[in-house]
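By convention in this document, chain letters (A, B, ...) are assigned in the order of the sequence lines, proteins followed by strands, and residues within each chain are numbered from 1.
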Amino acid sequence: MNGQAFRRAGGQIIDRTKPLRFRFDGKPYEGFAGDTLASALMANGVRLLGRSFKYHRPRGLMAIGSDEPNALITVRRDGNTEPNTRATMIELYDGLEATSQNAWPSLRFDLGAVSNAVSPMIPAGFYYKTFMGPTRHAWMFYEALIRRAAGLGFASREPDASSYSKMNAHAEVVIVGAGEAGLREAHAAGQTGVRVILIDEAAQPGGWLLRERDHSSIAPLIAAVREMPNVTILSRTTAFGVYDGLQVAAVERIQDHLPIVNARAPRQRLWLIRAQRIVLAAGAIEQPLLFEGNDRPGVMMAGAARGYINQFGAAPGSRVVIATNNDTGYQTAFDFAAAGLPVTAILDARDAAPEPLADEARALNIAVVARASIQRTVYSGALRGVVADVAGKSAQYDCDVVAMSGGWAPAVHLSTHLGGKPAFEETRGMFLPAALPSGISCVGAMTGEGLPKMSVAASSAERAFVDFQNDVTIKDVKLAHREGYRSVEHLKRYTTLGMGTDQGKTANIAGLSTMAALTGQPIAATGTTTFRPPYTPVSIGALGGLETGEHLRPLRRTPIQDWHEANGGLMAVSGLWKRPKGYPKPGEDILAAQIREARMVREAVGIVDVSTLGKIEVQGPDAAEFLDRIYCSPVKNLKIGRSRYGVMLREDGVVMDDGTLARLGANHYYVTTTTAQAAKVLAHMEYHAQVTWPELRVSIISVSDQFGAIAVAGPQSQRLLARLAGADAFDDATFPYPSLKSISFGGVEVRVLRASYSGERAYELHVPAAYALSLWEALLEAGAKPYGVEAMAILRIEKGHVAGPEIDGRTTPADLGLAKLVRMDKEFIGRRMLQRPGIADASRPSLVGLAPVDEASRIRSGAQITLTDVGKSAPMIGHVTSSCFSPVKGHPIALALISNAAEMRDKIVFARYPLRNETVAVRVVSAVFYDAEGARLHV
Amino acid sequence: MHILLLLLSMTSRYSAFRLFREALSAQKGWTPAWADAEPKSGYDAIIIGGGGHGLATAYYLAKLHGLRNVAVLEKGWIGGGNTGRNTTIIRSNYLLPQNAQFYEHCLKLWENLSLDLNFNVMFSQRGVLNLANSDAQMDAYARRGNAMRLSGIDSELLERDQVRRMVPHMDFSERARFPIYGGLLQKRGGTARHDAVAWGYARAASAFGVDIIQKCEVTGFRMADGRITGVETTRGFIGAERVGMAVAGHTSQVAAMAGLKLPIESQVLQAFVSEALKPFLDTVVTFGAGHFYISQSDKGGLVFGGDLDFYNSYASRGNMPMVEDVASAAMSLFPSLGPLRLLRSWGGIMDMTMDGSPIIGLTPVDNLYLNGGWCYGGFKATPGSGWVFAHTIATGTPHPLNAPFSLDRFETGRLIDDKGSGPYPWLH
Amino acid sequence: MSDFRLRAEACLGAGAPPRSFGSLVHITERSPVFALEIAGFGAPNDGDVAHFQAALGAAPPAPGAVARGPAAEVLSVGPNRWIAIADTPMHFPPSENFAVTDLSSARGCFLLSGAKASTVLAKGTSVDLDPTVFTAGSVIVTRIGHFSAVVWRPSDGDGFAVLVSRSYARSFYDWVILASAEFG
Amino acid sequence: MLIPCPHCGARDHAEFAYSGDAGLSRPAPDAADSVWLDYVYQRNNASGDHVELWHHIYGCRQYIAVSRNLRTHEISGAQFASKPRAES
Ligand SMILES: Cc1cc2nc3c(=O)[nH]c(=O)nc-3n(C[C@H](O)[C@H](O)[C@H](O)COP(=O)(O)OP(=O)(O)OC[C@H]3O[C@@H](n4cnc5c(N)ncnc54)[C@H](O)[C@@H]3O)c2cc1C
Ligand SMILES: NC(=O)c1ccc[n+]([C@@H]2O[C@H](COP(=O)([O-])OP(=O)(O)OC[C@H]3O[C@@H](n4cnc5c(N)ncnc54)[C@H](O)[C@@H]3O)[C@@H](O)[C@H]2O)c1
Ligand SMILES: Cc1cc2nc3c(=O)[nH]c(=O)nc-3n(C[C@H](O)[C@H](O)[C@H](O)COP(=O)(O)O)c2cc1C
Ligand SMILES: [Zn+2]
């Protein structure tokens with residue numbers, strides 16, 4: 001321990017009875033409870049905290065709050081690494097580990113600082129002017145170097161171990177900022193009895209007043225607000241954005257300050273607060289003065305210096321020069337004096353020093369010098385003094401701290417998030433909130449109240465820093481001006497002014513004022529750049545909340561899912577579901593399994609879980625009429641008890657989905673959709689029922705979750721089912737293909753569809769989901785074996801049934817060989833757009849089958865079809881949509897969409913897969929590979 | 001003579017040598033990158049919109065078609081539209097041949113752009129990796145990758161392990177809701193510095209004599225006999241022989257001034273940038289299943305985004321639900337992102353068309369040309385878009401590369417729907 | 001074989017027992033639960049109301065309200081749409097003006113109670129759950145995280161009843177556990 | 001944004017699916033090509049007040065016609081898209 005040499009008396013926030021140990025760059029230090037990392041380092045006399053972005057200039061503390069541009073630190077904790085954290089916002093806890101950034105090999109001796117030496121060669125935007133040659137690949141070389149030099153801290157690649165949470169909250173009044181102004185608002189609103197939420201990013205309420213030597217005056221107000229049960233105070237919570245509908249988004253740092261982290265509790269919490277009224281009381285941000293070397297460690301904001309002394313008893317140095325252009329600098333001088341720290345002089349830029357403040361200063365033996373502004377700092381390893389211009393003459397003052405105040409800029413940020421721009425008020429010299437949306441108001445320092453008039457001194461010091469973090473100097477602003485980047489937005493982007501982690505909180509005003517002076521435009525016309533959320537950077541973890549990792553999306557489960565998982569189903573993602581690809585036996589791979597399973601269906605019987613199908617009940621006097629308009633295929637003539645295949649289009653004539661329609665009663669239909677389109681089809685039907693034809697009396701209810709569905713397919717399906725529910729029920733005479741019948745299985749009514757996807761005799765059992773697993777087990781017990789979605793795909797490809805890869809959002813019924821289903825003599829969704837010339841064009845790709853010329857060759861989905869097998873590039877006439885090895889054919893087969901399909905029939909073309917260097921000669925054949933007559937349905 | 005030319009070019013050209021020379025004179029010898037022009041009474045061609053597309057169009061009109069009496073009218077500051085707010089991904093990995101051919105032409109222009117413009121647009125061919133999270137997606141990417149290869153465009157289909165070697169810090173654990181199956185990689189894809197594109201084209205166009213006029217909003221068209229005679233602007237009437245519109249998110253508005261109604265809706269898309277970090281990710285990654293994509297800028301910020309906000313807007317800003325969605329996808333793909341911080345978020349106005357592809361070509365008004373409907377993907381098109389649009393304006397007929405992107409394709413049914421989402425622009 | 005009986009499974013099967021997080025959050029599945037959705041083709045007339053009342057023991061509740069009959073709770077879930085919930089099967093005789101759909105298998109019903117139950121839900125829904133706003137007699141159909149849910153306050157006891165679609169039930173349960181983890 | 005659903009009350013827009021211009025009405029089957037083209041593809045897309053459909057997919061599943069300003073996002077009204085249907 002090297003003692004806290006710069007700890008002084010006072011410090012209203014720290015608890016000297018509670019020393020805390022911490023490390024900075026590996027070196028141990030001690031601070032007190034209540035300290036921030038910044039104040040503790042200051043108390044320990046550590047002045048060098050970081051290196052700047054571009055020139056690697058040594059930097060120290062500049063501010064005391066979230067506006068800090070320089071002191072960016074990496075904190076490591078419990079295996080987590082948090083780079084770019086402002087030392088001013090890190091509350092000290094025992095064992096804190098912090099390291100500096102952007103310096104190598106060490107903060108004190110940083111090789112990167114050579115960029116400072118060559119800085120004349122690398123002004124703003126230099127990279128736009130070079131690194132272009134000699135060849136066009138040159139940039140890739142230079143870029144690698146530049147990227148290594150750029151960036152601030154290192155990001156860990158280890159998974160974040162913390163958890164994050166989210167809270168939706170509601171309050172009649174939300175107040176941002178718990179300074180005096182916000183507290184008063186909270187108190188007033190609280191008295192009306194409504195719910196009030198008061199947000200402040202600091203550890204405790206009080207705001208600016210806490211920086212005063214004596215802040216006891218605010219204590220009663222704080223206590224009164226705390227006592228109000230209807231007022232919630234959120235401390236350590238940054239309101240980072242205002243969004244539509246009077247929503248305040250904020251992030252609460254729940255555990256970052258705690259010595260021991262509760263792993264179960266969230267580290268941070270995202271608050272989404274809905275208000276009837278938002279009051280912004282965000283205060284003001286002190287601005288720097290412009291002089292050569294104003295970025296040196298030891299040069300800091302006058303207001304911040306007060307805070308370190310008064311709140312933490314930490315001395316920024318041992319001898320201070322105050323440089324100010326407003327009255328607030330004097331308070332800083334008094335605080336230094338009160339702490340026993342000598343004040344060399346107050347350099348006041350104004351023509352006359354203010355009375356009685358100046359008198360008060362002189363009484364304390366402080367020299368007050370009017371018409372004085374710093375020209376440059378004297379720095380060698382540490383700050384030694386300043387050279388000032390005093391009424392035209394040069395004078396030197398010794399010091400190791402410069403406390404500067406360039407005035408206070410209201411923190412207008414949140415007032416502009418909904419699109420307003422702040423207005424420049426000439427008389428006060430500041431940008432103030434303007435054009436506020438209804439429901440939002442501003443109070444306190446944010447409106448300029450209590451702030452001194454602001455006057456930005458233009459500076460001729462070329463190497464005065466405007467943006468400390470991004471190393472933008474007056475010279476850069478001048479260069480931007482010279483080169484025509486004069487709009488503030490161009491200035492920002494060309495020089496990177498205000499684009500750092502502090503978003504120019506202490507830079508933008510000086511930058512735009514300098515540009516205004518150069519162009520001769522008034523500041524009002526120059527304007528600000530756009531303020532955007534977040535107000536201060538917010539962790540991505542907090543924004544992501546609970547919905548990460550496995551919770552990114554819900555996982556939908558069929559009622560039979562547990563069984564698949566427990567019985568060897570190889571599960572694969574399918575949209576929001578996971579479905580069994582197949583059930584490989586020990587030693588069997590999935591390819592073998594799917595072929596075995598497909599054979600089983602063709603030869604005997606198999607069962608597959610198709611619960612993921614969408615299912616919709618359409619009821620009402622106009623149900624038939626409604627569905628007739630929804631499907632392009634015929635609906636109205638469907639008899640009660642019968643079912644049929646149906647196709648529906650989007651209004652642009654493209655196929656949207658296909659499925660089964662069954663008529664349960666005169667006014668009652670049961671329809672299925674594909675798994676992938678279920679939600680879309682439901683919304684589509686609701687749209688047309690509610691918006692297009694509200695006069696139709698129809699009700700549309702999703703029963704996707706009400707019914708589990710099991711397809712029982714294969715020549716032995718009838719026999720199998722008869723065993724469970726009696727042979728009579730499955731008599732072809734009373735239960736023909738295709739139809740729907742309600743049949744009791746084990747005491748439960750099951751909707752049985754005689755429909756077939758495989759081409760074999762098949763039944764789909766739609767059973768109330770609670771009973772689906774039990775029915776599945778009964779089927780197994782009766783001798784059935786399961787098959788998965790891969791076998792299902794084989795079966796449908798052999799039959800030439802289209803599915804997702806063919807119904808890809810571009811294909812029309814004709815493209816898919818479904819033209820004969822379309823009833824142009826009725827009105828339906830999509831009819832009119834089918835009649836466009838481009839839709840009728842024969843060159844549109846349409847469905848065909850492909851068989852390999854050499855039967856051993858595999859045809860892959862995603863292969864492109866060409867007429868030739870030579871040449872790296874070749875015109876494509878279509879592509880393979882689906883493919884498999886066909887057990888019935890004994891060779892690979894595929895479905896494809898190709899141009900001029902009719903002409904191409906029986907021709908040999910090439911399925912090319914250059915991604916794997918494969919070319920397969922294939923013959924264009926019918927898309928139906930198996931049982932074109934449909935005889936198997938009745939076997 | 002030659003030496004004189006060389007010396008002349010040395011004075012205005014950008015180079016390392018020049019930077020060095022300027023260092024000796026305190027950078028005082030630089031001149032404006034482009035001349036801030038006052039409007040003349042008339043031009044041979046006026047381009048509305050000083051984004052990348054408008055500026056590129058002017059540049060190619062001057063350079064390739066000898067049309068130099070040209071003005072670009074920009075209502076704000078050049079590059080301040082979507083050019084200035086996009087996530088800068090450049091690729092030509094499209095599925096449909098019309099798109100692939102057009103975007104490949106663009107990509108080829110990108111590869112020479114810095115040298116052509118003598119302005120470093122920092123085109124970085126760091127690769128674009130599209131992750132696949134299911135077998136079906138692998139097949140879809142195979143289809144795309146094969147089509148690309150057969151069109152002479154580079155692409156590679158990666159297996160899970162290959163993806164893992166490229167970007168090991170993505171979530172390859174059991175916890176992943178959407179496991180990574182593999183991906184489609186286009187190595188020649190990458191990113192470029194968006195602002196530099198606007199500035200570089202402006203400077204190069206200006207050097208040819210093109211007038212770049214900022215703070216000049218077009219408020220109407222003056223027409224006679226079904227032809228445009230000029231435009232009304234906030235800086236007065238300006239005559240024009242022909243007019244090209246390249247106003248992205250405001251396409252419907254400007255076209256409406258000429259009586260046109262378009263198959264476009266303007267939606268908001270947000271984008272995000274993190275605090276600057278040392279190198280973390282050296283390629284562009286897109287994560288379709290999570291609706292998320294990410295890259296790292298040269299400054300060190302992670303630049304990322306996701307879906308549209310899904311509502312029409314002209315406000316250039318979005319709302320929290322999409323911020324949360326994007327962040328949760330970010331965390332899910334890169335579980336180490338949690339402690340890293342979002343620095344800034346913003347929005348842009350997307351001119352979403354009814355088939356997700358742009359419209360570049362003729363309009364029902366004789367000498368009025370349309371370039372718009374770029375959706376969220378027009379930055380990568382910038383050079384090629386300007387190139388074909390210049391051709392179309394100069395010759396009065398579309399180039400074969402942009403002929404398919406005609407306005408009348410909606411009427412004829414010859415749509416270019418790469419995503420297959422149909423006439424619901426917010427779904428593209 | 002044909003004399004077998006099918007067995008009903010709760011939504012979560014056997015895999016998800018009731019859970020408690022300290023004394024702050026409790027979650028259990030209510031099972032069995034029976035649900036009917038009743039959709040009117042228009043606003044119900046007097047006869048319809050009587051029919052409804054006779055079938056369920058309660059008149060159709062107004063938007064956002066819960067009506068309680070002797071056996072069933074009737075929840076308003078949309079304009080002229082209601083879901084009736086009961087512990088035993090219900091019978092709604094056919095009617096010209098109503099479409100009736102059995103959803104007993106379609107929904108999982110969870111009971112969430114404890115001092116932090118409302119906090120847990122507020123992590124997912126943006127609806128104001130303050131008891132003065134979301135009163136005992138009200139029901140909402142809302143979004144909780146990625147889930148669509150019907151939420152109401154059961155008449156007996158504290159907390160919330162939540163209906164979610166069956167296929168999402170396990171994920172929802174997992175989400176509640178995740179959201180409750182900090183409490184126990 | 002808060003959308004005042006006539007059935008459910010004010011809800012965050014994240015509960016809804018945006019569903020396009022509410023001003024469209026489906027033409028008669030035999031209407032002119034241009035009318036159909038207009039319906040399926042062309043949009044006013046005016047900047048300013050806009051009436052648009054939002055489908056309350058996480059709520060009552062009704063399509064709501066919402067009046068919203070596209071510059072300010074301010075919402076000035078909402079009603080069921082199926083106006084004839086009365087609330088009980
Ligand atoms: C968040 C976001 C992310 C994106 N990501 C990508 C990406 O990764 N890759 C990609 O390729 N594309 C991306 N894009 C899309 C891309 O940015 C645009 O398609 C492209 O920049 C459009 O360029 P432009 O020149 O046509 O339009 P803009 O750059 O928008 O230029 C149009 C100009 O027209 C001006 N203007 C408008 N109206 C008038 C008028 N009446 N008079 C005068 N001037 C007018 C505007 O002020 C504007 O400057 C993204 C877009 C956004 C918003
Ligand atoms: N130098 C000065 O003279 C000076 C500066 C500021 C305030 N004041 C005076 O102090 C008194 C109180 O002023 P005030 O209450 O208006 O300001 P304040 O500075 O006291 O309080 C503002 C508070 O807002 C908080 N805050 C700001 N942005 C926030 C955000 N996005 N999220 C969460 N919290 C945020 C800050 O942490 C701070 O506590 C006034 O009399 C004022 O004139 C004086
Ligand atoms: C690729 C890219 C990188 C960006 N990086 C930064 C950055 O490092 N810092 C920053 O403040 N903004 C960054 N921005 C955002 C811009 O500041 C700005 O928000 C964006 O250009 C939109 O403009 P507007 O916010 O002024 O409307 C970046 C933008 C883009 C497109
Ligand atoms: Zn609703």
Side-chain angles (χ1 to χ4, degrees), chain A residues 168 170 242-247 249 272-276 417-420 435-440 547 616 629 649-654 679-680 682-702 824-837, chain D residues 1-4 7 9-41 51-58 60-66 68-76 79-86:
Chain A
N168 287 284
H170 301 262
V242 174
Y243 292 91
D244 288 318
L246 295 182
Q247 183 182 45
L272 300 171
I273 310 171
R274 295 278 179 199
Q276 308 287 321
H417 283 177
L418 290 180
L436 294 172
S438 68
I440 301 184
E547 277 79 23
I616 300 170
R629 298 181 192 178
L649 310 182
R650 300 191 306 230
E651 193 67 280
D652 64 350
V654 165
K680 267 195 194 158
L682 182 68
H684 177 77
M685 287 192 184
E686 288 171 332
Y687 177 87
H688 289 295
Q690 294 175 31
V691 182
T692 313
W693 307 301
E695 68 283 3
L696 295 185
R697 287 162 59 88
V698 58
S699 126
I700 292 151
I701 293 179
S702 165
M824 291 306 282
D825 55 356
K826 67 164 185 175
E827 174 57 357
F828 58 86
I829 299 293
R831 175 176 166 278
R832 189 57 182 267
M833 289 293 120
L834 275 181
Q835 291 163 331
R836 289 175 291 172
Chain D
M1 289 183 296
L2 275 182
I3 295 182
H7 179 80
R11 294 294 176 87
D12 194 291
H13 74 277
E15 292 197 351
F16 298 76
Y18 178 78
S19 306
D21 195 325
L24 308 174
S25 61
R26 194 166 187 272
D30 54 355
D33 282 350
S34 59
V35 177
W36 270 98
L37 188 72
D38 231 40
Y39 170 67
V40 181
Y41 290 113
V51 186
E52 61 200 16
L53 295 176
W54 290 80
H55 188 194
H56 200 180
I57 48 170
Y58 284 93
C60 63
R61 295 210 64 94
Q62 296 300 297
Y63 281 86
I64 315 294
V66 178
R68 191 172 60 95
N69 186 292
L70 299 190
R71 290 183 181 280
T72 62
H73 295 174
E74 230 156 287
I75 292 172
S76 53
Q79 59 181 64
F80 291 121
S82 57
K83 280 146 250 156
R85 214 175 282 232

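Heavy-atom distances place the backbone of D:Asp30, and not its side chain, under 4.5 Å from chain A. Only the backbone of D:Leu37 comes within contact range of chain A, with heavy atoms under 4.5 Å apart. Proximity to chain D (any heavy atom under 4.5 Å) is shown, for A:Ile829, by both the backbone and the side chain. Both the backbone and the side chain of D:Arg61 have a heavy atom closer than 4.5 Å to some heavy atom of chain A.
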Would you sort out whether A:Arg629 and D:Arg26 count as a side-chain contact (heavy atoms from CB on, under 4.5 Å), showing the intermediate values? CA-CA 13 Å; A:Arg629 298 181 192 178; D:Arg26 194 166 187 272; over 6 Å; no
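When the candidates A:Arg650, A:Arg836, A:Gln835 are compared by the number of heavy-atom contacts under 4.5 Å with chain D, A:Arg836 comes out ahead. Counting heavy-atom pairs closer than 4.5 Å to chain A, the top residue among D:Asp33, D:Leu24, D:Ile3, D:Ile57 is D:Asp33.
Atom CG of D:Asp12 is separated from atom CG of A:Asn168 by 8.0 Å, given to the nearest 0.5 angstrom.
The number of heavy-atom neighbours closer than 6.0 Å to NZ of A:Lys826, taken from other residues, nucleotides and ligands shown, is above 12.
Of all non-hydrogen atoms in D:Thr72 and A:Asp244, the two that sit nearest each other are O-OD1, 3.8 Å. Minimum interatomic distance between A:Met833 and D:Trp36 (heavy atoms only, all atoms of both residues): CE-CB, 3.7 Å. Taking all atoms of both residues into account, the shortest heavy-atom contact from A:Gly245 to D:Leu2 is O-CD1, 4.0 Å.
Listed for the A:Arg832 side chain is a donor-acceptor partner under 3.5 Å among the backbone atoms of D:Ala31. Proximity of a side-chain donor or acceptor of D:Tyr63 to a complementary backbone N or O of A:Ala683 within less than 3.5 Å is detected.
By the side chain to side chain donor-acceptor pair (under 3.5 Å) test, D:His56 pairs with D:Glu15, sequence neighbours left out. Residues meeting the side chain to side chain donor-acceptor pair (under 3.5 Å) test with A:Gln247, sequence neighbours left out: none.
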